[in-house]
Amino acid sequence: MTVADAELIRIDGVAKRYRTASGVVDALGDVSLAVPEGQFCTIIGPSGCGKSTLLGMLAGLVGPDGGRVLIEGQPVTGPDPRRVATVFQDPGLFPWRTALENVEFGLELQGADRGRRRAVATELLGPLGLRGFAEKYPRELSGGMKQRVAIGRALAIDTKILLMDEPFGALDEQTRMLMGEWLLDIWRRTNKTVIFVTHSLHEALALSTRVVVMTARPGRIKSVLELPLGYPRAMESPELVTLRAKLWSEIRDESLRAMSES
Amino acid sequence: MTTSAFRLAILSGVLALWEIAARAGNPLLYVPPSAVLPSLVNLVALRSYPDLLEHVLLTAREIAVAYALAVAGGVGVGCALGGHRVLGRAYAPMLAALYAVPAVVWYPSLMLFFGLDAASKIAFGFLLGFFPITLAVLAGTRQVNPHLVTVARSFGASPLAVFAKVLLPGMLFTLVGGLRTGLALAVIGVIVGEVLGAKAGMGTLINHAYGLFRTADYVALVLVTLVLIVTSDVLASLVERRARRWTT
Ligand SMILES: Nc1ncnc2c1ncn2[C@@H]1O[C@H](COP(=O)(O)OP(=O)(O)OP(=O)(O)O)[C@@H](O)[C@H]1O
Ligand SMILES: [Mg+2]
């Protein structure tokens, strides 16, 4: 493997400051991170530390104030749906489209014909547990179902990079674990690179090849934990119990700081 | 009692009162329904005004052109003001203020500018229809959840695709209401324009009959015009109902 393929994503000293009518917020301060192809990289950190902002930069939706973001060596200048698909924290389904039509959205923009769109979307709905809900509109779906439709919409365009901002945040714990297993399965079969944001230690440890811990706002990278372990992971194994304690102590300090500042 | 029976009862009541009241007054100014009926028959049979159809068609054509221009202008300007924050902040309040001015005050200058023919009627119908459509589009663009625009952009939507696939369906509900009001006002604009001064069209006939004290003909002409207006509104309401069912 050459150095160039090793680094699918390179984030180089990016920062972001939001200026609003009510004042200035330093969301991200000097973040650098390189992600090789095929990683399942989880970002974890206190609320408001800039995780969604960082994903927005990778998606080409948020311009960094400093530094640069490279994908396959090219600077990101705008959305690139051929390489990057995003599952947003707020699912953002189109209310006038059925579940199936929402999943078809990206393919429709790419000009795929109706038959292929239908086929791809229908095949995705099954494992998402939405088989009987294809014709339902978002308002007829539960919060967790909406989030799963949003996951289907991102998977439908089959990109190399999948950005997921708390995709299972609205799900109950059992569904969450099942969806995690399903996502792992897809990831392992397709060699996608997943950048995954979560607040769940369990999810981070069960799924990731690498966990990036961020500091309280302005978000910086506090530490990076490599998890060169196989799947499925026995969460009660001494190794994972130790890792969990370590991760918790890192995050605990930052969460305390974030809470005392806000 | 069913609704239609109820309506019929009210209608007969009104006609009866009208008949009684009109017979008591000056027959030149007050026409009873019994006198209108023969006039209406003469009118529809093309006896009193043989060229009625031409006038109806002219008025309908003026309305169609005025409305088409109002829709195009209203959607264009509304999207520009709604999509562009600075433009919107600068001009939206002005637009609302202009809408509040009674539009008839513009009519003399439109006649000076466009003459006595169809152009000034079209301009007046456009002017009246344009404002509610623009304001509805403006309100509509503000109603669309901006997050959905972000989502669409992340999937590679061009500005045109954002308009067609997010803004338009997102504001359809508000838009159809504005389109319907716009139609009603465009119709009023054209007909009022004709009444105030024109060489042809329903408004001219109305003015003519009224001026000659042919009161029964005048009422009959108004009734025909009313049918024209009600038909357009019924069509618009059908479209509106369909659109609402589709979006909600
Ligand atoms: N468009 C924006 N305009 C102004 N401020 C913003 C904007 N987006 C985010 N912020 C601010 O930037 C900071 C980081 O926000 P961000 O959404 O990236 O955090 P996060 O880590 O994803 O939080 P959470 O875990 O709660 O989702 C927050 O303080 C937020 O208020
Ligand atoms: Mg977030």
Would you indicate whether [X], at its atom [atom1], is surrounded by more than 12 heavy atoms from other residues, nucleotides or ligands within a distance under 6.0 Å?
X: Arg131(A); atom1: CZ; value: no
X: Phe113(B); atom1: CZ; value: no
X: Trp182(A); atom1: CH2; value: yes

How would you list, in number order, the residues of residues 117-141 of chain B that have a heavy atom less than 4.5 Å from chain A?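 Checking residues 117-141 of chain B against chain A gives no residue, so none.
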Heavy-atom contacts under 4.5 Å, residues 145-160 of chain B to chain A: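 Near chain A, by residue number: His147(B), Leu148(B), Thr150(B), Val151(B), Ala152(B), Arg153(B), Ser154(B), Phe155(B), Gly156(B), Ala157(B).
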Heavy-atom contacts under 4.5 Å, residues 101-111 of chain A to chain B: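 Residues of residues 101-111 of chain A touching chain B at under 4.5 Å: Phe105(A), Gly106(A), Glu108(A), Leu109(A).
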Contact residues of residues 140-160 of chain A (partner chain B; heavy-atom separation under 4.5 angstrom):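 When heavy atoms of chain B are the reference, residues 140-160 of chain A contributes Arg153(A), Ala154(A), Ile157(A) within the under-4.5 Å range.
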Looking only at heavy atoms, what is the nearest atom pair of Trp96(A) and Gly170(B), with distance?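 The answer is CZ3-CA, 3.5 Å.
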Identify which part of Leu163(A) has an atom lying under 4.5 Å from any heavy atom of chain B, answering side chain, backbone, both or neither.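 No part of it gets close to chain B.
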